[in-house]
Amino acid sequence: MERIIFYVLALMMIVFAINAVTSRKMLRSVIYLLFVLSGVAGIFFLIDYNFLAAIQLTVYAGGIIVLIIFSVLLVHHIELKLEMAKPVRQIITAVACLIGIGVFLTTIYSHQFNVVNNHYSTTTSDIGFKLLSYDKGGFILPFEVISVVLLAMMIGAIVIAKGKKLE
Amino acid sequence: MIEGISIYEILTLTTILFFIGVYGFLTRRNLISILISVEMILNASIVNFVIINKYLYPDMLQGVLFSIFIIAIAAAETALAVSIIINLYRQISSVEVKDTEVMKF
């Protein structure tokens, strides 16, 4: 059963990802991206990381997609067709990407992974304790730094998007 | 872990997603489309972190925590990029890459 769900999710993600990078209508490619992100959340649910799947759905599908849609609507005319690269360049890029996929896959398949059979389930409180622990391997410092980064990002975004004063 | 699915199949899926993102990054001519491709690349890397955490070191949490940090950084990056794009559009009325010659604020 999980096998079938995984294959359906994988097929959906690949098809929508290809559509998202080749569609010539801006808004449609954003919506295709939304399906790819939801597929990633589905994979997180399948491997039993519920908290991560919830973060993926709220931050990506809820936040980033809405942000990109807003910027598309502010910046584009809705029926504008996008300009694409020259066909020669597209083919060269596609061939380069296929070579890259080949190299990556031969590397992955020739490596022997020590897979541990397990059915651990991680609770949200485990993640919280690890995130706030001072011990060896704890993540308190990055956690505090990232809050400063988010604050700086907010101030920077407001200052940049406000622009110059009209005089 | 997922019943009946080996780590190789999931890594294949993320590799394909990553290179679709690279393809879009190189062929698109529009700043917002490039942003979409970057999101796709970041998502492929997040899935890799989580999958390797779950399949190889199931009693640790490092992969999950790193992917949480990557998601936070990605959100910050998107918000800043959108504000830069809106500011550029105000100044030169275009978001095409070829028109973007000056990024002086």
Side-chain angles (χ1 to χ4, degrees), chain A residues 2-3 6 10 13-14 17-18 20-21 26 29-30 33 36-37 40 43-44 46-47 49 52 55 59 63-64 67-68 71-72 74-75 82-85 89-90 93-94 97 100-101 104-105 108-109 113-116 118 120 122 126-127 130-131 139 142 146 149-150 153 156-157 160-161 163, chain B residues 1-8 10-13 15-17 19-24 26-30 32-33 35-37 39-40 43 46-47 50-51 54-59 61 64-65 67-69 71-76 78-80 82-87 89-90 95-96 105:
Chain A
E2 279 141 335
R3 222 182 142 86
F6 175 77
M13 281 163 67
I14 291 174
I18 291 174
V21 296
M26 197 66 234
S29 89
V30 181
L33 179 73
V36 176
L37 300 179
V40 171
I43 285 184
F44 289 161
L46 271 184
I47 58 173
Y49 280 140
L52 213 53
I55 286 185
V59 174
I64 290 181
L67 211 60
I68 296 178
S71 70
V72 169
L74 279 174
V75 153
L82 290 178
E83 193 183 330
M84 294 298 284
R89 203 190 146 99
Q90 281 184 21
T93 316
C97 288
I101 290 178
F104 272 42
L105 288 187
I108 288 171
Y109 277 90
F113 289 102
N114 297 319
V115 176
V116 185
N118 67 87
Y120 284 108
T122 311
D126 289 341
I127 296 175
K130 191 80 179 171
L131 206 55
F139 276 80
I146 208 128
V149 168
L150 286 177
M153 178 275 295
I160 292 174
Chain B
M1 57 192 293
I2 310 174
E3 292 292 336
I5 299 287
S6 69
I7 189 170
Y8 294 105
I10 306 180
L11 289 182
T12 310
L13 170 69
T15 307
I16 293 172
L17 264 188
F19 275 101
I20 291 172
V22 171
Y23 173 80
L26 291 176
T27 54
R28 284 303 181 106
R29 287 277 165 274
N30 184 294
I32 298 176
S33 313
L35 192 63
I36 290 173
S37 309
E39 294 298 330
M40 219 175 283
N43 254 281
I46 292 173
V47 179
V50 173
I51 288 298
K54 184 74 178 179
Y55 273 74
L56 304 186
Y57 307 101
D59 48 340
L61 276 176
V64 177
L65 295 174
S67 52
I68 290 174
F69 289 129
I71 289 175
I73 295 287
T78 309
L80 264 184
V82 164
S83 68
I84 289 174
I85 288 170
I86 288 175
N87 194 1
Y89 183 73
R90 272 205 204 122
V95 287
E96 301 290 311
F105 176 50

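Side chains are part of it too, since the values below use all heavy atoms of this structure and drop only hydrogens, waters and symmetry mates. Proteins get letters first, then strands, A, B, ... in listed order; numbering begins at 1 in each.
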Looking only at heavy atoms and a cut-off of under 4.5 Å, which of [options] has the most pairs with chain A?
options                    : result
B/S37, B/G21, B/S6, B/S33  : B/S33
B/I73, B/L61, B/V82        : B/L61
B/L35, B/T12, B/V22, B/I46 : B/T12
B/I16, B/D59, B/L26, B/V50 : B/V50
B/V47, B/I51, B/I20, B/I71 : B/I20

Chain B contact via [X] - side chain, backbone, both or neither, heavy atoms under 4.5 Å:
X      : answer
A/I14  : both
A/T122 : side chain
A/F6   : side chain
A/L46  : both
A/I18  : both
A/Y109 : both
A/I47  : both
A/I127 : both
A/V115 : both

Which heavy atom in [X] sits nearest to a heavy atom in [Y], and how many Å separate them?
X      : Y      : result
A/P142 : B/F69  : CB-CZ, 3.7 Å
B/A79  : A/A157 : O-CB, 4.5 Å
B/L17  : A/A17  : CD2-CB, 3.7 Å
B/L56  : A/V116 : O-CG2, 3.4 Å
A/L150 : B/A72  : CD2-O, 4.1 Å

- Side-chain donor or acceptor of B/R28 paired with backbone N/O of A/V21 under 3.5 Å: yes
Interatomic spacing from [atom1] in [X] to [atom2] in [Y] - rounded to 0.5 Å:
X     : Y      : atom1 : atom2 : result
B/T78 : A/L67  : OG1   : CG    : 7.0 Å
B/Y23 : A/I101 : OH    : CD1   : 12.0 Å
A/L52 : B/L65  : CG    : CG    : 9.5 Å
A/L74 : B/I86  : CG    : CD1   : 5.0 Å
B/N43 : A/M13  : CG    : CE    : 7.5 Å
B/E39 : A/L33  : CD    : CG    : 7.0 Å

Most heavy-atom pairs under 4.5 Å with chain B, out of A/C97, A/G100, A/A94, belong to A/C97
- Pick from A/I43, A/V149, A/D126, A/L105 with the largest number of heavy-atom pairs that fall under 4.5 Å of chain B: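 Heavy-atom pair counts peak at A/L105.
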inquiry  = Are there over 12 heavy-atom neighbours, none belonging to A/N114, within less than 6.0 Å of that residue's CG?
reply    = no
For the CZ atom on A/F113, are there more than 12 heavy atoms of other groups (residues, nucleotides or ligands in this structure) within a distance under 6.0 Å?
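More than 12 within 6.0 Å, yes.
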The interface call for B/I7 against chain A, heavy-atom contacts under 4.5 Å, is side chain
